Amino acid sequence: MKDSDIRSRAFEIAELRSERNRVGALLGVLGGLLALVLVRAGMSWAEGHRGEAWPFALLLAMMTAYELVWRRFVVRALETGGSVSRSKWIGNTAVELLLPTLALILQVHTPSFGPHRALTSPVILVFLLFIILSTLHLDPVLSVLNGILSAVGYAATAIYVFLVFPEVTASEPLLVYTTSFSVSAFLLLGGFAAGAVARQIRQHVIAALDEAENRARLAQFEQVLGLARSIQQGLLPRKPPVIEEFDVAGWNQPADETGGDYFDWQELADGRVAVTVADVTGHGIASALIMSACRAYARAGLAVDPDPQRYLRRLNQLLHEDLPTEKFVTLVSGLLDPSHARMQLISAGHGPLLFYSPKTDTFRSIDAQGPPLGLLSNWSYGTAQNLEFDIGDILVLVTDGFIEWTNASGEDFGVDRLEKVVRENRDQRSETIISELHSTILKFAGTMPQNDDLTALVVKRVQNNHKEGVLQ
Amino acid sequence: MSLDIQIRQMTGGVAVLDLSGRVTLGQEAAVLRDTLHQMSAAGQKQILLNLAGVSYLDSSGLGVLVAAFASITNRGGQLKLLNMSSKLKNVLVVTKLYTVFEVFEDESAAISSFTASTEAAPAGG
């Protein structure tokens, strides 16, 4: 089903509902008129004569019956998903306008009215009622048709009167002719005015339907995004790794529903633990897809062959083959050997990499071993950096969302502020260092929104953490 | 917020592109990508990007630079960089892309470097 089909069906339903309401209103009016005419006929009956109201009651009853049948037809179309053809709409309009026309002709032949008064009788208002209610068809053509048929019905009655009852025009011919002509013209113009109103209502209904459809689509899109987010968040590790003498924590907060950053840890067959932080260019769905491909390659690569240089070379080549040009991933992995408190750290264009030693109160900044992943084919990465962890040493890996978040004065959060937070919280657990980083950058940014994903991973060597109960 | 590119064709076949503005995701990065692509397709082999007027370059802009570098190098051409701000330079240093590009501070030195080298190859480690 095409979009335009869906929309036209939605409009058809709106049109049928509107028609159901129109017929409902009409039935109310017809019922009221029938009651009035019946009371009038009953009074005549009580006064002992047959009265003149019965033909009108019969006409109204027939019309009411017709409208009940038409309403049933419309409701059925609504319930069964069917539609009403254009010829049926037009036919219905013609049948409905027979009512005031026949009522006028009846009045012409009713002695107490007579042809003269019939041409100015309140029945003319019934034509007008049909024209006004026709706007609920939401079809300008049908409203104009109502006007034309009303004018024709009235004019035909008037011509019939002029031909059959010449006495009507005998005394004041000009007045009678101009009155009849004015009424016809007025009904015709009324039809055009109703057509204009119907067009406006139609446009509003279409706009409302479009808006409802857009809202439904947006809701669906948001649901899909929410699902993508939960899947992506599910790829991040839930619990810190249990490593003797090491306290590891990671945290990620995407800028959008989904992000391009991730952190990870993975126990290798040789007892080492690999920790990884990566940042895919951009954020949002496209980056999230690349992120999951990158994570899968990285995990599989480390499991098969944990040599840092070969691992990055393979990862780069795989991503270079997969990624669109211009998209890339900066990634850092550390292979932690807990038994020797050593780590091999290797970075593909990812930085800054900060290694803090509380003993000397210094930060060692570690360079990347090559460019980001996915950009250049067959790249050979440099030798991994070796880090020796003393008790209290802290490795901080963050993505540039932390470094480049600017405040209202246009200043970056920068490496210096990052180092300050680490230094001030050096005695805290890794998890606390990250939460302090987060709260500090939030304070720094103030009202400036987060434009990039935030990811942090902290590895800290501690005294025997099992006794302290650091890890669950 | 836009990116303006002026092309100067120098004697010796080097085209100097004076960039001014921001090279960021969207229109700006696309303008640079298209310009470099058209020049390369038209047979321009030696291109020097003058980044003196570039106030900001995001990861998308960086992606465009590296992809253009790779594509021009593959066609036997050369893409070099001139007059980077310290902030921009820092981005290239952190990402190790500084070792990929040839970066110059002096325009005449940059232009003469093209004639000196006949073919460029990526500086793999």
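Since this is a predicted model, take the numbers as computed values, not measurements. Lettering follows sequence order; numbering is per chain, from 1.
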So which of A:S347, A:A348, A:P371, A:P352 has the largest heavy-atom pair count under 4.5 angstrom toward chain B? A:P371
Note: A:A368 and B:V94 closest approach over all heavy atoms is CB-O, 3.7 Å
So do the side chains of A:D412 and B:K87 get within less than 4.5 Å of each other, counting heavy atoms only? yes
CG of A:L376 to CG of B:L97, rounded to nearest 0.5 Å, is 7.0 Å
Might you confirm whether atom NZ of A:K420 has over 12 heavy atoms from other residues, nucleotides or ligands at distances under 6.0 Å? no
A:E388 atom CD: more than 12 heavy-atom contacts under 6.0 Å: yes
Distance in Å, A:K327 NZ paired with B:S59 OG, rounded so as to fall on 0.5 Å steps: 7.5 Å
In this structure, are over 12 heavy atoms from other groups packed under 6.0 Å from B:H37 atom NE2? no
Working to the nearest 0.5 Å, report the span between OH of A:Y381 and NZ of B:K96. 11.5 Å
Do any of residues 285-295 of chain A have a heavy atom less than 4.5 Å from a heavy atom of chain B, and if so, which, in residue order? none
Less than 4.5 Å apart, side chain to side chain, heavy atoms only: is that true for B:L62 and A:F328? yes
Considering non-hydrogen atoms only, spot the tightest contact between B:V64 and A:E326 and give its length. CG2-OE1, 3.3 Å
Do you know which of B:V66, B:L92, B:V93 has the most heavy-atom pairs under 4.5 Å to chain A? B:V66
